[in-house]
Amino acid sequence: MRMNTETRMRDRAGCPLALTFLLGTLGSCGGGLTEDPGTQPASMLVNDVRAALGAEGIVALVAAPAIDDELFDLGQALYFDKLVSGNQDVSCATCHLTTEAGADGRTLPNGVGGLGIGPARSGGAIIARHSPTVLNTHLLDEMFWDGRVEFGGGGVLTSPAGADLTPAMIAVFDPGLELLAAQAMLPPVSRMEMRGDSGANGLADLADDDFDGVWAGIMDRLLVINAYENLFNAAYPTTLTADLDFAHAANAIAAFEVRAFARANSPFEAFVGGDDAALSTAQLEGTLEFFGSAGCARCHSGNLFTDEQYHNIALPQFGPGNGNGPGGNDDFGRENVSGNPVDRYRFRTPSLLNVALTAPYGHLGQYADLDDMVRHYRNAPQELQNYNIALEVDDTGLIGTLVNNTNQLIAGIDPLVANPRQFDVGHVVTFLGALSADSVADLAELVPSSVPSGLPLD
């Protein structure tokens with residue numbers, strides 16, 4: 001598992017020091033390009049881009065860990081089977097669709113009680129945060145918008161499950177699958193995401209903190225089905241059926257996600273691998289803008305284009321919220337995990353791999369288009385003040401939920417995005433398109449024809 005712990009020294013403008021000399025000719029980290037890169041010959045653009053990538057330490061992505069067929073088959077069935085949810089109406093695939101690049105194409109997901117899938121889904125519980133893509137998540141060290149599942153010091157796994165996620169459960173997780181497996185254990189215990197309201201089903205009638213009871217109840221459902229018992233025994237041949245618990249199921253889901261959604265065959269990755277012709281002239285120009293005047297790499301850094309840190313970038317808050325603020329409809333982000341008020345309104349920097357395919361954008365899906373999301377960074381405080389939810393959000397039920405917290409957001413805004421910046425939005429968006437893997441266009445082969453429970457897939 002890649003540990004994203006490298007700390008890069010930066011100059012006072014926020015630029016990586018290794019880039020300071022390079023940008024002396026291309027433009028400062030906070031200003032515009034001193035020379036239109038489009039006037040340069042393609043060979044010079046290639047050399048400049050390779051210098052920029054070298055200064056950032058960007059190299060080819062590591063290969064995904066090998067996954068046994070038996071573990072993949074079990075994980076695939078569990079990923080698409082609604083039997084894992086309390087009311088048997090939600091699966092992992094409900095919010096992470098193969099047709100939506102591993103996300104759901106919605107501003108905010110609709111959980112239990114919803115009907116349909118993807119942008120057409122309606123009704124049911126509205127989840128408080130946008131559904132992120134599962135593409136390439138095996139490369140991350142932190143999960144969820146607030147990082148509540150992460151690798152701590154020395155590789156120790158921490159999560160809100162606390163003592164319920166026991167060392168014995170963690171020991172079940174295969175090397176390289178720990179983070180995704182821990183994440184997979186949490187949606188089934190969330191009432192709004194998968195479990196349901198009290199009185200709706202046996203799993204929902206358990207106490208909110210009875211994680212063990214929920215996990216055991218799911219396994220009871222699964223193992224009475226002969227096909228699942230056979231799949232589990234094939235995936236874990238040295239484990240007695242009586243000793244199987246939901247950690248084994250979560251490990252299998254993680255295994256499926258790793259093999260199914262490891263998609264990195266993008267033009268940019270081909271360029272990093274040595275193909276000078278992989279990027280168009282416009283994409284090369286956009287790359288220099290991304291690493292230069294736009295300053296995007298101050299947060300979207302490294303091979304995954306994320307520092308996996310937490311930032312308040314002054315995005316508006318709407319929706320049901322996370323129980324914060326006077327009305328409970330605000331969301332304090334990372335503070336809810338760390339307990340530190342300094343972390344209020346800070347959310348994890350998402351990876352930009354395949355970003356052009358995973359609209360909408362932001363921890364609530366605040367922006368419908370990538371152009372608007374990138375434009376936000378030109379003047380984040382101003383964009384927040386001018387934000388028009390009706391133009392960005394299709395779900396009309398969310399329009400009246402906009403929280404009046406603009407002053408608080410601006411007061412705690414990250415200094416990296418506090419000041420206006422001049423850069424060409426179109427150039428940056430063109431570059432971001434080069435991060436899309438060719439193989440993401442059609443993921444239909446991942447969908448099984450049926451699942452052991454016999455429940456519908458849609």
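Position 1 is the first residue of the sequence, and the numbers go up from there. Small disclaimer: the values here were computed from a predicted structure and weren't measured.
Listed for the Asn324 side chain is a donor-acceptor partner under 3.5 Å among the backbone atoms of Phe332. Using a distance-only test at 3.5 Å, with no hydrogens or angles considered, a donor-acceptor pair links the side chain of Glu308 to the main chain of Asp141. Between the side chain of Asp174 and the backbone N or O of Leu177 there is no donor-acceptor pair closer than 3.5 Å. Distance alone, capped at 3.5 Å, is enough to place a donor-acceptor pair between the Tyr236 side chain and the His248 backbone. Asn340 contributes a side-chain N or O that, together with a main-chain N or O of Val342, makes up a donor-acceptor pair within less than 3.5 Å. Between the side chain of Arg106 and the backbone N or O of Ala103, no donor-acceptor pair lies under 3.5 Å. The main-chain N or O of Gly54 is never found under 3.5 Å from a side-chain atom of Glu56 such that the two would form a donor-acceptor pair. Under the 3.5 Å distance criterion, the side-chain polar atoms of Glu178 are matched with a main-chain donor or acceptor of Gly176. A distance-only check finds a donor-acceptor pair linking the side chain of Trp215 to the backbone of Met185 [under 3.5 Å]. Formation of a donor-acceptor pair under 3.5 Å by the Asp275 side chain with backbone atoms of Phe271 is not found in this model.
Side-chain contact between Phe144 and Leu186 is present, with heavy atoms from C-beta onward closer than 4.5 Å. The closest side-chain heavy-atom distance from Val440 to Arg263 is below 4.5 Å. By the 4.5 Å heavy-atom criterion applied to side chains, Phe291 and Leu53 are counted as neighbours. Within the 4.5 Å cutoff, the side chain of Leu74 has heavy atoms near those of the Tyr228 side chain. With a 4.5 Å cut-off on side-chain heavy atoms, His363 and Leu315 count as touching. Residues Leu203 and Arg221 meet the side-chain proximity criterion, which asks for heavy atoms closer than 4.5 Å. His300 is not listed as a side-chain neighbour of Asp307, based on a closest heavy-atom distance of 4.5 Å or more. Residues Asn251 and Phe246 are not in side-chain contact: their nearest non-hydrogen atoms beyond the backbone lie 4.5 Å or more apart.
Residue Asn233 holds its CG atom at 10.5 Å from OG1 of Thr238, rounded to the nearest 0.5 Å. Going from atom CD of Gln283 over to atom CD of Glu289 covers 14.5 Å, rounded to the nearest 0.5 Å. Separation of atoms CZ (Arg298) and CG (Leu416) is listed at 5.0 Å; rounding is to 0.5 Å. Atoms CG and OG1, on Leu446 and Thr99 in that order, are 11.5 Å from each other to the nearest 0.5 Å. The NE2 atom of His138 sits 8.5 Å away from atom CG of Leu180, with the distance rounded to the nearest 0.5 Å. Note that CG of Leu83 and CG of Leu78 are 9.0 Å apart. Values are rounded to the nearest 0.5 Å.
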### Query
So Asn136 and Ser351, side-chain hydrogen bond (donor to acceptor under 3.5 Å, both in side chains) or not? Walk me through it.
CA-CA 9 Å; Asn136 299 310; Ser351 169; over 6 Å; no
### Step-by-step side chain to side chain contact (heavy atoms under 4.5 Å, CB included) determination, Leu135 to Leu353
CA-CA 8 Å; Leu135 293 172; Leu353 300 183; over 6 Å; no
### Task
Would you sort out whether Asp276 and Arg50 count as a salt bridge (charged side-chain N to carboxylate O under 4.0 Å, His left out), showing the intermediate values?
CA-CA 9 Å; Asp276 286 349; Arg50 292 208 177 279; 2.7 Å; yes
### Query
Taking it one step at a time, do Leu222 and Met219 satisfy side chain to side chain contact (heavy atoms under 4.5 Å, CB included)?
CA-CA 5 Å; Leu222 295 171; Met219 289 302 292; 4.1 Å; yes
### Task
Apply side-chain hydrogen bond (donor to acceptor under 3.5 Å, both in side chains) to the pair Asn201 and Asn87, showing each step before the final yes or no.
CA-CA 6 Å; Asn201 61 78; Asn87 294 333; 2.7 Å; yes
### Query
Stepwise, does the side chain to side chain contact (heavy atoms under 4.5 Å, CB included) test hold for Asn312 with Arg346?
CA-CA 4 Å; Asn312 170 6; Arg346 292 180 178 178; 4.2 Å; yes
### Query
Please walk me through it: do Cys299 and Thr306 pass side chain to side chain contact (heavy atoms under 4.5 Å, CB included)?
CA-CA 6 Å; Cys299 299; Thr306 171; over 6 Å; no
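Using cut-offs of 30° and 60° on the angle between ring planes, the pair Phe256 and Phe72 is tilted.
The minimum heavy-atom distance between Val393 and Leu398, with the atom names listed, is CG1-CD1, 3.9 Å. Pairing each heavy atom of Ala437 with each of Asn354, the nearest pair is N-OD1, 2.7 Å. The minimum heavy-atom distance linking Gly321 with Gln317 is given by the pair CA-NE2, 4.0 Å. Smallest separation of non-hydrogen atoms from Val451 and Ala77: CG1-O, 3.8 Å. For Gly286 against Phe431, the heavy-atom pair with the smallest separation is C-CB, 3.5 Å.
Between the side chains of Asp369 and Tyr361, not a single donor N or O lies within less than 3.5 Å of an accepting N or O. The closest side-chain donor-acceptor pair between Asp343 and Ser338 falls under 3.5 angstrom. Of the N and O atoms on the side chains of Asp81 and Ser91, not one donor lies less than 3.5 Å from an acceptor on the other residue. Counted by atom type alone, Tyr345 and Asp330 present one or more donor-acceptor pairs between their side chains at under 3.5 Å. Looking only at atom types and distance, the side chain of Asn265 has no donor-acceptor partner in the side chain of Asp438 under 3.5 Å away. Side-chain contact of Thr107 with Asp395: a donor-acceptor pair under 3.5 Å is absent, judged by distance alone.
A salt bridge between Glu150 and Arg334 is present, with a side-chain N of the basic residue lying under 4.0 Å from a carboxylate O of the acidic one. Note on Asp69 versus Arg259: salt bridge recorded, some NZ/NE/NH1/NH2 to OD/OE distance being below 4.0 Å. The pair Arg129-Asp331 meets the salt-bridge criterion, with a side-chain N (NZ, NE, NH1 or NH2) lying under 4.0 Å from an Asp/Glu carboxylate O.
Residues Phe290 and Phe423 place their aromatic rings such that the two centres sit no closer than 6.0 Å. Between Phe268 and Phe305, the ring center distance clears the sub-6.0 Å criterion.
Annotation: Asp220, atom CG; neighbour count of heavy atoms from other residues, nucleotides and ligands within 6.0 Å is above 12.
Only one option out of Asp208, Asp205, Asp197 pairs with Arg191 in a salt bridge (Lys or Arg N to Asp or Glu O under 4.0 Å); it is Asp208.
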Donor-acceptor list for residues 114-128 side chains, cut-off 3.5 Å, not counting sequence neighbours:
{"residue": "Arg121", "atom": "NE", "partner": "Asn110", "partner atom": "O", "Å": "2.6"}
{"residue": "Arg121", "atom": "NH1", "partner": "Gly116", "partner atom": "O", "Å": "2.6"}
{"residue": "Arg121", "atom": "NH2", "partner": "Asn110", "partner atom": "O", "Å": "3.2"}
{"residue": "Arg121", "atom": "NH2", "partner": "Gly111", "partner atom": "O", "Å": "2.7"}

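Residues satisfying the ring pair (Phe, Tyr, Trp, His ring centres under 6.0 Å) test with Tyr367, not counting sequence neighbours, are His376, Tyr387.
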